[in-house]
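Notes follow the structure.
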Number of protein chains: 2
Amino acid sequence: MSKAKTKSQFKDFLLTQGLKSTRQRELILDEFLHAGSHLSTEDLYLRLRRGNSRIGYATVHRTLKLFAECGIAEQRHFGDGQTRYEASDCDEHHDHLICVVCGKIVEFEDPRIEELQVEVAGAHGFSIERHRLELYGCCPGCSI
Amino acid sequence: MSKAKTKSQFKDFLLTQGLKSTRQRELILDEFLHAGSHLSTEDLYLRLRRGNSRIGYATVHRTLKLFAECGIAEQRHFGDGQTRYEASDCDEHHDHLICVVCGKIVEFEDPRIEELQVEVAGAHGFSIERHRLELYGCCPGCSI
DNA sequence: GTTTAAATTGAAATTCATTTTCAACTAGGT
DNA sequence: ACCTAGTTGAAAATGAATTTCAATTTAAAC
Ligand SMILES: [Mn+2]
Ligand SMILES: [Mn+2]
Ligand SMILES: [Zn+2]
Ligand SMILES: [Zn+2]
């Protein structure tokens, strides 16, 4: 999804929810879209500080939660005790390969796995709402 | 794995690590093996209290970590912010279906998914060490 | 059995990410 | 300009995990 589209989706969300568009929210969204993926609240907060923006940590935290609610961001948990966020690619879904040595994160999507998940859930009478698949191992760079 | 075997595996572990066998560790292991799966530290601590054992929370916490180190227990994280533990079924592996309504947890194993995971990782040059697959949805009991 | 050194225990304190509080401030409608 | 509801951010609170440390227990040595 284009940055412009994401921004307007957030604006619409604020409007329909009776929330306000503020300088802080604009700055946080800009930085979020500009920065790399899988950022923690702390990461984004520090990036904003390094710029000139004096935005409070609580505001960054609350705004990232708003992004997730709005659907323009996804929360991720890779087991380091921090919640991370990444921009949603519209309807695109992906899972993650995580290097246990250097922390590198690679995204992948495999329709065969997705399909089997639905099948397995169905066999147990479950309807899947979401899932989480993370493969932890050693990346090519670290296994030399 | 039988309870007796698990106990002897833990005893061996303590010996080889220069650790000591204590009344508390025995009680915690007994309760752990007797209680259901996917327990948090708090869960097990409360169960022990309900019995007559006055064991400290820190001891339960440390002992569960020892179980995981020793290989007789596995840590699990189902997104409620608590670390859960379950007894290891030897070399058996399984993943989880979690009902987002009632919290019910169903275990499953699908060799086809396991194989595809290895394939996908290999395609990215990764060697998998472990993985995590959780399917969140609505169980049959809750979808009526 | 006694001594001894090292490990263990558990209550309390600490850590650390997350979340809440609340008084001052701001957005946006009238 | 005024009003009201929403927002901000520093500080406090929360909650699970972890550490501290003095008292205690284990198990090996004597
Ligand atoms: Mn991603
Ligand atoms: Mn399980
Ligand atoms: Zn790596
Ligand atoms: Zn259910």
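All values reported here derive from a predicted model rather than from experimental measurement. Each chain gets a letter, A, B and so on, in the order the sequences are listed, and its residues count up from 1.
For B:H61, a side-chain nitrogen or oxygen approaches OP1 or OP2 of D:dT18 to under 4.0 Å. OP1 and OP2 of C:dA17 both lie 4.0 Å or more from every side-chain N or O belonging to A:T41. The side chain of A:T83 contributes an N or O atom lying less than 4.0 Å from OP1 or OP2 of C:dT18. One finds no side-chain N or O of A:Y57 lying less than 4.0 angstrom from the OP1 or OP2 phosphate oxygen of D:dA11.
The separation between B:H77 atom NE2 and C:dA17 atom P is 16 Å, rounded to whole Å. For the pair A:D80 CG and C:dC16 C1', the computed distance is 12 Å after rounding to whole Å. In this structure, A:Q24 places its CD atom 13 Å from P of C:dC25, rounding to the nearest Å. Atom CG of A:D43 is separated from atom C1' of C:dA17 by 13 Å (rounded to the nearest Å). Rounded to whole Å, atom P of C:dT9 lies 11 Å from atom CD of B:E26. Per the geometry, OH belonging to B:Y45 stands 10 Å off P belonging to C:dG10, to the nearest Å. In this entry the distance linking CD of A:Q17 with C1' of D:dT7 reads 16 Å, nearest Å. Here D:dT25 presents its P atom at 14 Å from CD1 of B:I55, a figure rounded to the nearest Å.
Under 3.5 Å, the side chain of A:K20 and the base of C:dA27 form at least one donor-acceptor pair of N or O atoms.
Among the atoms of the strands shown, none is found under 4.0 Å from any heavy atom of A:R23. B:S40 comes within 4.0 angstrom of nothing in the nucleic acid, heavy atoms only. Contacts of B:R62 with the nucleic acid, taken as non-hydrogen atoms under 4.0 Å apart, include base atoms.
Contact check for B:Y57 versus B:E42: side-chain heavy atoms found under the 4.5 Å cut-off.
If you check the side chains of A:Y85 and A:Q75, you find a donor sitting under 3.5 Å from an acceptor. Side-chain N/O atoms of B:E107 and B:H93 include no donor and acceptor closer than 3.5 Å.
The residue among B:T59 and A:E42 whose nearest nucleotide of DNA chain C lies closer to the 5′ end is B:T59.
Between the side chain of B:R25 and the backbone N or O of B:T59, no donor-acceptor pair lies under 3.5 Å.
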Criterion side-chain contact (heavy atoms from CB on, under 4.5 Å) on A:D30 and A:H34, from CA distance to verdict: CA-CA 6 Å; A:D30 278 339; A:H34 182 260; over 6 Å; no

